[in-house]
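Here is the naming used below: chain letters follow the sequence lines, and residue numbers restart at 1 for every chain.
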There are 2 protein chains.
Amino acid sequence: MTPDEFRTLGHQLVDWIADYRAGLADRPVAPDVQPGAIKARLPAAPPERPEDFAGVFADLDQLILPGLMHWQHPSFFGFFPANAGSASVLGDWLSTGLGVLGLSWQAAPALTELEEVVVDWLRQMVGLSPSWKGVIQDTASTCTLVALICARERTTDFSLARGGLQGEAQPLIVYTSEQAHSSVLKAAVLAGFGRDNVRAIATDSDYALSPNALRDAIRRDLAQGHRPCAVVATTGTTATTAMDPIHDIAAITNEHSLWLHVDAAMAGSAMILPECRHLWHGIESADSLVINAHKWLGAAFDCSLYYVRDVEHLVRVMSTNPSYLQSSADGRATNYRDWGIPLGRRFRALKLWCLIRGEGVEGLRSRLRRDLANAQWLAEQVRATPDWRVVAPVQLQTVCVRHEPPGLQGEALDRHTLDWVERVNKSGRGFLTPAILEGRWMARVSIAAEATEREHVAALWGEMRRH
Amino acid sequence: MTPDEFRTLGHQLVDWIADYRAGLADRPVAPDVQPGAIKARLPAAPPERPEDFAGVFADLDQLILPGLMHWQHPSFFGFFPANAGSASVLGDWLSTGLGVLGLSWQAAPALTELEEVVVDWLRQMVGLSPSWKGVIQDTASTCTLVALICARERTTDFSLARGGLQGEAQPLIVYTSEQAHSSVLKAAVLAGFGRDNVRAIATDSDYALSPNALRDAIRRDLAQGHRPCAVVATTGTTATTAMDPIHDIAAITNEHSLWLHVDAAMAGSAMILPECRHLWHGIESADSLVINAHKWLGAAFDCSLYYVRDVEHLVRVMSTNPSYLQSSADGRATNYRDWGIPLGRRFRALKLWCLIRGEGVEGLRSRLRRDLANAQWLAEQVRATPDWRVVAPVQLQTVCVRHEPPGLQGEALDRHTLDWVERVNKSGRGFLTPAILEGRWMARVSIAAEATEREHVAALWGEMRRH
């Protein structure tokens, strides 16, 4: 591809994406497609000769778009808001276009230093003290894995420098709530703890981790000669956006010298609102935390911010220092390769930088407040309507609901829930994710796509009642 | 940012990137900047109100570009080629612009199915049999971590479902060559094996792993009651692009039922050339392998292809299945979340799809052949010049050289090497990475940036002699 062709196609692409985004509301939110159908229409073998890019645009229109869930759609209420705000998209385009790689500070100094700056901007925005230092990782799953490996190494006084976890006689234990994200269990087993050594702690009536149950579990483990190692608390659980009581949990982790990791992947964004910060009261006592700027806040995926208070410990766990990566700047500069698993890194700071500059902190705050108000509005409508029920506290932008017609219970109620949710989803006029709460299916309405205004929430509520 | 502003700025951005790429040859390859200098010029606090994007472009020109190493520069000979080919850039821009997320097949069907197709295209391009299935991960570091966790679980018959690695009495051992990439040791210690249980096997005169030394090490471990678990072989080492003898290593891993992971991060791209495939002869006997399409091949970072033969095992190690991710398509579709560590995934297939369609396999092959010829040409010049020496076999596109003036030895020679390399790098007219080989510094000339033609290699050779 010549430089001129690249320029011409780049302009076509900008118009194609701008048109796609402008026309999103007219598309069905979720696709109507069967597994394998798209694959069957794609060539099984790669082309030997270059193809005209017009064919790519044609395939995008005819094959790819009809096969996608549209996460940026104003009527997308599924999973969580994965906003890729316009300014952030521009920042990520810059990153890809520059094509630079941050293997070390020397390999791309501005990449590292801008990351240091924007990660500190976000720290200030969510009200964390300057004792926290951060780095951008891909996802919260990875951050939680890093956190549990760091916890493992603190408890074992660096077993990795010796025989590893396999040299440890007394099993190390990880605690998390039964409402924690699946990535916590996954991280624990990948880090070698084993399923038998992960405790799912009971929650209270608001689906938040019960400090008393945690205390009891630790006591039982100590009595059996086990070694309590880490607690993963959640600020904004996946199912209901429940808030584990960080302050009370931190009192326990401090007492027993346990690592406290806070999964604020979803709700961390809300902490740019001072009125929400009570929801993670006690956060300054944690050892590590993750905030996904690629969710509600609006940074294009992937942009997980991992903050720690003890950088030296993180680097000691993660560092390697081969000759081909050494430079004269070592020791005077940050080498983010030693802050996580991958060696190579994109210039991810650009998308967060562009987002914050393009919207301003005030702009971001007012969008999040709009979403909180929309969630409260929907909850009020649901509560005021016979046979409809809000089944969990509405702490932020997720409303968990069930339609409970008289006489429907148990599995019949489950079937009814899954049926009406599927009908809404198939209508193309909204998309919700069902989830299990206390053994029963319910529907999560996750409000907060960037384009979602009150009218879209109202339209969804209409659809919900119609189905 | 309004849709109209986004469109206008998008067009500006395309021109800015196209201009940047067109003008790369006129910039110094490496920046002249001290640690902290860029950070000091950036605002310490985020802006409250939205800023005009003109300020972003101004900062990019004045602050960011002068602070970057230019990896796409025709005179970039450092580290490895991290080509972000134009067609691939367009593909990645599409991914960011669409803003969809592949948490599961249902969450973005076309994202999953296009990934299945292009990963199979690359499988065919490098001549692997259809028994291999692949997935796109971020980096080889992550792929090797996944491979070693899978090895750990095969050897322990799924200790993760029980007490984890800490329940294992006899230590598991990982073998790799002393020339292996630092990510292998990092992966082993993160996976809990411990440094004491990682064996650095000696290499032969070509810096390739010695099968005899491997066999001896396994014998010693068995005699001590240890459990050999995995071998990580390298196709194209970082320092010299050495090729471990996969066929001979596989005979040993088969005999002892060890996991064989092949790190072909760098040299895997070369396998699109049939004449290079003898370099990984025996690859069909491996259990897993990684090819970084974001290196020589030209896909914008990040695009590591991880291939395995036993998908069921991979999924059993990596899967979690919470209610909020279940859908009616489960069991009939691929859920890539169960093929690696992160849950969320970008539409990374687009950049590989666009690259292959835009260049054609033939186009990619001829570019790689150009690079191989350039490396041979440089090696000939070096060999024909007094006091200059090629210090390792030139198997692909990396030429390892030393200038050895009479009488210079030991540390004095090291100082000389680091000095002249630094002078080349500071000139701005080329960038090389020094590395240690058999205890002595040498200079790696890694040829193969997309824009690098013979003239650029010749110019670098002139600079090298001048300094």
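Using a 4.5 Å cut-off between heavy atoms, B:N83 makes no contact with chain A at all. In this structure, the portions of B:V56 lying under 4.5 Å from any heavy atom of chain A include both its backbone and its side chain. For a residue to count as touching a neighbouring chain, one of its non-hydrogen atoms must lie under 4.5 Å from one of that chain's; by this rule A:D15 touches chain B with backbone and side chain alike. No part of A:A140 comes within reach of chain B, as not one of its non-hydrogen atoms sits under 4.5 angstrom from that chain. With a 4.5 Å cut-off on non-hydrogen atoms, B:S86 touches chain A through its backbone and its side chain both. Using a 4.5 Å cut-off between heavy atoms, B:E5 does not touch chain A at all. With a threshold of 4.5 angstrom between heavy atoms, B:A84 approaches chain A through side-chain atoms but not through N, CA, C or O. Contacts between B:T142 and chain A at a heavy-atom distance below 4.5 Å involve backbone atoms as well as side-chain atoms. Using a 4.5 Å cut-off between heavy atoms, B:A108 contacts chain A through both its backbone and its side chain. Of the atoms belonging to B:F53, it is side-chain heavy atoms, and not backbone ones, that fall under 4.5 Å from chain A. Residue contact with chain A, scored on non-hydrogen atoms closer than 4.5 Å, involves the backbone and the side chain of B:E359 alike. A:Q34 touches chain B through backbone and side chain together, each having a heavy atom under 4.5 Å away. When heavy atoms are compared at a cutoff of 4.5 Å, B:R152 approaches chain A solely by way of its side chain, counted from C-beta outward. For B:P434, the part sitting under 4.5 Å from any heavy atom of chain A is the backbone (N, CA, C, O) and nothing else. Both the backbone and the side chain of B:V317 have a heavy atom closer than 4.5 Å to some heavy atom of chain A. Only the side chain of B:I149 comes within contact range of chain A, with heavy atoms under 4.5 Å apart. Heavy-atom distances place both the backbone and the side chain of B:D19 under 4.5 Å from chain A. Residue contact with chain B, scored on non-hydrogen atoms closer than 4.5 Å, is absent for A:P66.
Ranked by non-hydrogen atom pairs under 4.5 Å with chain B, the options A:Q170, A:R21, A:E153 are led by A:R21. When the candidates A:A435, A:G344, A:A107, A:G363 are compared by the number of heavy-atom contacts under 4.5 Å with chain B, A:A107 comes out ahead. Contacts with chain A were tallied for B:L350, B:I356, B:T433, B:L103; B:L103 has the most, counting heavy-atom pairs under 4.5 Å. Counting heavy-atom pairs closer than 4.5 Å to chain B, the top residue among A:H11, A:R332, A:M1 is A:H11. Between chain B and the options A:L98, A:L101, A:T96, the largest number of non-hydrogen pairs under 4.5 Å is found for A:L101. When the candidates B:G10, B:S141, B:G97 are compared by the number of heavy-atom contacts under 4.5 Å with chain A, B:G97 comes out ahead. The greatest number of non-hydrogen atom pairs below 4.5 Å with chain A, out of B:E362, B:R7, B:M69, is found for B:R7. In terms of non-hydrogen atom pairs under 4.5 Å with chain A, the most contact-rich of B:L343, B:D4, B:T112 is B:L343. Highest contact tally toward chain A, considering only B:E48, B:R195, B:E51, is held by B:E48 [criterion: heavy-atom pairs under 4.5 Å]. With chain B as partner, the option from A:A87, A:A22, A:A82 having the largest number of non-hydrogen pairs under 4.5 angstrom is A:A87. Put simply, of B:A300, B:P171, B:A333, B:P3, the one with the most heavy-atom pairs under 4.5 Å next to chain A is B:P171.
The main-chain N or O of A:S104 is never found under 3.5 Å from a side-chain atom of A:R337 such that the two would form a donor-acceptor pair.
A ring-centre distance under 6.0 Å is not found for A:W71 and A:F301. Annotation: B:F6 is in aromatic contact with A:W93 [ring centroid separation under 6.0 Å].
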(message) If you apply the rule side-chain contact (heavy atoms from CB on, under 4.5 Å), what do you find for B:I64 with A:L94, and how did you get there?
(response) CA-CA 11 Å; B:I64 304 297; A:L94 287 167; over 6 Å; no

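Under the 4.5 Å side-chain criterion, counting only non-hydrogen atoms from C-beta, A:P31 is not in contact with A:L68. Side-chain contact between B:E113 and B:V117 is absent, with no heavy atoms from C-beta onward closer than 4.5 Å. Between B:Y20 and B:H70 the shortest side-chain heavy-atom distance falls below 4.5 Å. Contact of the B:I341 side chain with the B:L145 side chain is registered, since non-hydrogen atoms from C-beta on lie closer than 4.5 Å. Counting heavy atoms from C-beta on, the side chains of B:T238 and B:F80 never come closer than 4.5 Å. With a 4.5 Å cut-off on side-chain heavy atoms, A:I38 and B:P109 count as touching. Proximity of B:L172 to B:N197: side-chain heavy atoms (C-beta onward) are nowhere separated by under 4.5 Å. Residues A:Q166 and B:Q166 have side chains not in contact (no heavy-atom distance under 4.5 Å, counting atoms from C-beta outward).
Between the side chains of A:T139 and A:D302, no donor-acceptor pair is found at a separation under 3.5 Å.
By the 4.0 Å N-to-carboxylate-O rule, B:E168 lies close enough to B:R162 to be salt-bridged with it.
Sequence neighbours left out, the pairs with a member in residues 86-99 of chain A that pass salt bridge (Lys or Arg N to Asp or Glu O under 4.0 Å) are A:D92-A:R346, A:D92-A:K351, A:D92-B:R346.
Remark: B:D59 pairs with A:R357 by the side chain to side chain donor-acceptor pair (under 3.5 Å) rule, at least two apart or across chains.
Expressed to the nearest 0.5 Å, how far CG of B:L418 lies from CH2 of B:W441 amounts to 5.5 Å.
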